[in-house]
Peer 1: 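To start, I am sharing the structure in question, which I have written as structure tokens.
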Amino acid sequence: MVSISPAPRESRSIEPATVPGSIVGGLILPLAGFAVADWINPGWSPAETMISYYVHAPRGGWLIPLGVLVLAAASGTLTWLAAAYTRGGRAGLALLGAWTAALVVGGVFPADPPGRWDQPPSTAGALHGVAALLAFAVLPVAAVVLSRVWRRDPRWRPIAGGLSVLAALSVVAFVLFMVTFFDVQGGPALGVGPWATVTGLAERLMVWTYVGWLALAACGLRRIDREG
């Protein structure tokens with residue numbers, strides 16, 4: 001009697017040029033687009049105004065939803081590929097998926113114009129706000145969980161330290177942003193110099209930290225695939 005063993009499950013193969021070219025590029029390009037929106041709207045203060053509000057800026061408003069959706073596409077691709085190179089860590093991958101889904105909603109539904117904290121939000125504005133807060137909250141948790149999981153995996157160990165540092169920074173950045181976010185809703189009291197609030201600056205630092213962790217994770221995938 002011939003014993004037929006089940007065929008081994010195929011692992012996802014990553015072309016070495018694919019990860020840095022598509023994922024890392026998809027993570028960095030939105031940051032460049034947000035910076036361009038800041039630059040071409042000198043009448044708006046990036047330190048005081050959150051990124052989403054620039055959809056209502058005089059110039060380049062389209063850069064914001066496009067950038068968010070590109071970031072979502074890069075994050076979704078990273079999540080899908082990382083699943084094949086992660087032993088355990090399902091909770092972290094699920095949170096990374098939730099970050100991606102929230103970005104899609106936030107990109108499709110625009111924020112309300114700035115300065116309307118005392119008014120009921122529109123439907124689109126409410127959906128955007130909930131999605132944005134969800135995205136901001138789940139990414140640092142996903143980063144912490146996955147960094148701990150990958151630190152125990154020899155394949156990820158060379159970049160585990162960097163991932164852990166960026167995960168910790170993402171938690172700090174999220175807390176700082178939330179402090180400024182709640183402050184501005186009750187009338188800004190944490191102004192710095194000429195800025196009545198630094199919510200926009202805190203948000204940008206948070207987003208850059210998030211993207212840094214995601215980009216390092218993408219580079220880790222490339223390294224693992226190249227080494228087999």
Side-chain angles (χ1 to χ4, degrees), residues 26-72 74-75 98-141 143 169-214:
L27 296 170
I28 299 301
L29 282 175
L31 298 185
F34 301 155
V36 169
D38 291 339
W39 179 60
I40 63 178
N41 291 285
W44 289 47
S45 170
E48 298 175 292
T49 308
M50 290 188 288
I51 297 168
S52 298
Y53 290 140
Y54 275 73
V55 71
H56 302 288
R59 290 174 291 276
W62 57 271
L63 289 167
I64 307 308
L66 177 61
V68 173
L69 292 175
V70 170
L71 184 59
S75 298
W99 149 266
T100 300
L103 286 178
V104 172
V105 175
V108 171
F109 297 98
D112 288 336
R116 296 189 179 184
W117 298 106
D118 58 340
Q119 300 179 29
S122 66
T123 300
L127 289 171
H128 176 90
V130 170
L133 288 177
L134 175 63
F136 293 158
V138 299
L139 194 280
V141 181
L169 289 175
S170 72
V171 173
V172 173
F174 171 71
V175 171
L176 290 175
F177 167 73
M178 292 306 296
V179 169
T180 63
F181 178 76
F182 284 114
D183 172 68
V184 77
Q185 292 189 64
L190 299 176
V192 177
W195 304 319
T197 175
V198 289
T199 310
L201 178 60
E203 184 193 35
R204 283 162 176 78
L205 290 174
M206 177 181 63
V207 170
W208 296 339
T209 304
Y210 288 8
V211 169
W213 184 88
L214 292 166

Peer 1: Where is the tightest heavy-atom contact between Ala57 and Trp44, given as atom of each residue plus distance?
Peer 2: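 Ala57 and Trp44 have their closest heavy atoms at CA-CZ2, 3.5 Å.
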Peer 1: For Arg59 versus Pro42, what's the shortest heavy-atom pair and its separation?
Peer 2: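 Closest pair (atom of Arg59, atom of Pro42, distance): NH2-CD, 3.7 Å.
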Peer 1: Let me confirm one number: the OG1-CG distance from Thr123 to Asp112, rounded to the nearest 0.5 Å.
Peer 2: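 Here the interatomic distance stands at 9.5 Å.
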Peer 1: Which pair of heavy atoms, one from Gly106 and one from Val68, lies closest together, and at what distance?
Peer 2: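 That would be C-CG1, 4.3 Å.
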Peer 1: Nearest 0.5 Å please: distance from the CD1 atom of Ile40 over to the CG atom of Leu63.
Peer 2: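 Ile40 atom CD1 to Leu63 atom CG measures 6.0 Å (nearest 0.5 Å).
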Peer 1: Taking all atoms of both residues into account, what is the closest heavy-atom pair of Thr209 and Ala173, and its distance?
Peer 2: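 Distance-wise, the nearest heavy atoms are OG1-CB, 4.2 Å.
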Peer 1: Hey, what do you get for CD (Glu203) to CG (Leu201), rounding to the nearest 0.5 Å?
Peer 2: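 Glu203 CD to Leu201 CG: 10.5 Å, rounded to 0.5 Å.
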Peer 1: Could you tell me whether a side-chain N or O of His128 sits under 3.5 Å from a main-chain N or O of Pro110, the two making a donor and an acceptor?
Peer 2: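 Judged by distance alone, no pair lies under 3.5 Å.
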Peer 1: Are the side chains of Tyr53 and Glu48 in touch, meaning some heavy atoms are under 4.5 Å apart?
Peer 2: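 They are not in contact (no side-chain heavy atoms under 4.5 Å apart), so the answer is no.
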Peer 1: Is there a side-chain contact between Leu214 and Leu139, using heavy atoms and a 4.5 Å cut-off?
Peer 2: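 Yes, side chains in contact.
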Peer 1: Run the ring-centre check on Trp99 versus Tyr210 and record whether the distance is less than 6.0 Å.
Peer 2: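 Ring-ring flag for Trp99/Tyr210: true, centres closer than 6.0 Å.
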Peer 1: So which atom in Gly26 and which in Pro30 form the shortest heavy-atom distance, rounded to 0.1 Å?
Peer 2: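 Smallest interatomic distance, heavy atoms only, reads O-CD, 2.9 Å.
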Peer 1: Supply the atom-to-atom distance Phe182 CZ to Thr199 OG1, rounded to the nearest 0.5 angstrom.
Peer 2: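 Rounded to the nearest 0.5 Å, the CZ-OG1 separation comes out at 11.5 Å.
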Peer 1: Rounded to the nearest 0.5 Å, how far apart are CD1 of Ile51 and CZ of Arg204?
Peer 2: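 The CZ atom of Arg204 is 5.0 Å from CD1 of Ile51, to the nearest 0.5 Å.
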Peer 1: If you compare all heavy atoms of Tyr54 against all heavy atoms of Ser45, which two are closest, and at what distance to 0.1 Å?
Peer 2: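 Heavy-atom minimum between the residues: OH-C, 3.6 Å.
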Peer 1: Would you mind reporting whether Ile64 and Phe34 have side-chain heavy atoms less than 4.5 Å apart?
Peer 2: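 Heavy-atom side-chain distance check passes, below 4.5 Å.
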Peer 1: Could you walk me through whether Trp208 and Leu31 pass the side chain to side chain contact (heavy atoms under 4.5 Å, CB included) test, one step at a time?
Peer 2: CA-CA 8 Å; Trp208 296 339; Leu31 298 185; 3.5 Å; yes
Peer 1: Could you give me the CA-CA distance, side-chain angles and deciding distance for Leu27 and Leu71, then say whether side chain to side chain contact (heavy atoms under 4.5 Å, CB included) is met?
Peer 2: CA-CA 5 Å; Leu27 296 170; Leu71 184 59; 3.5 Å; yes
Peer 1: How long is the span from the CH2 atom in Trp213 to the CG atom in Leu169, to the nearest 0.5 Å?
Peer 2: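 The CH2 atom of Trp213 sits 13.5 Å away from the CG atom of Leu169.
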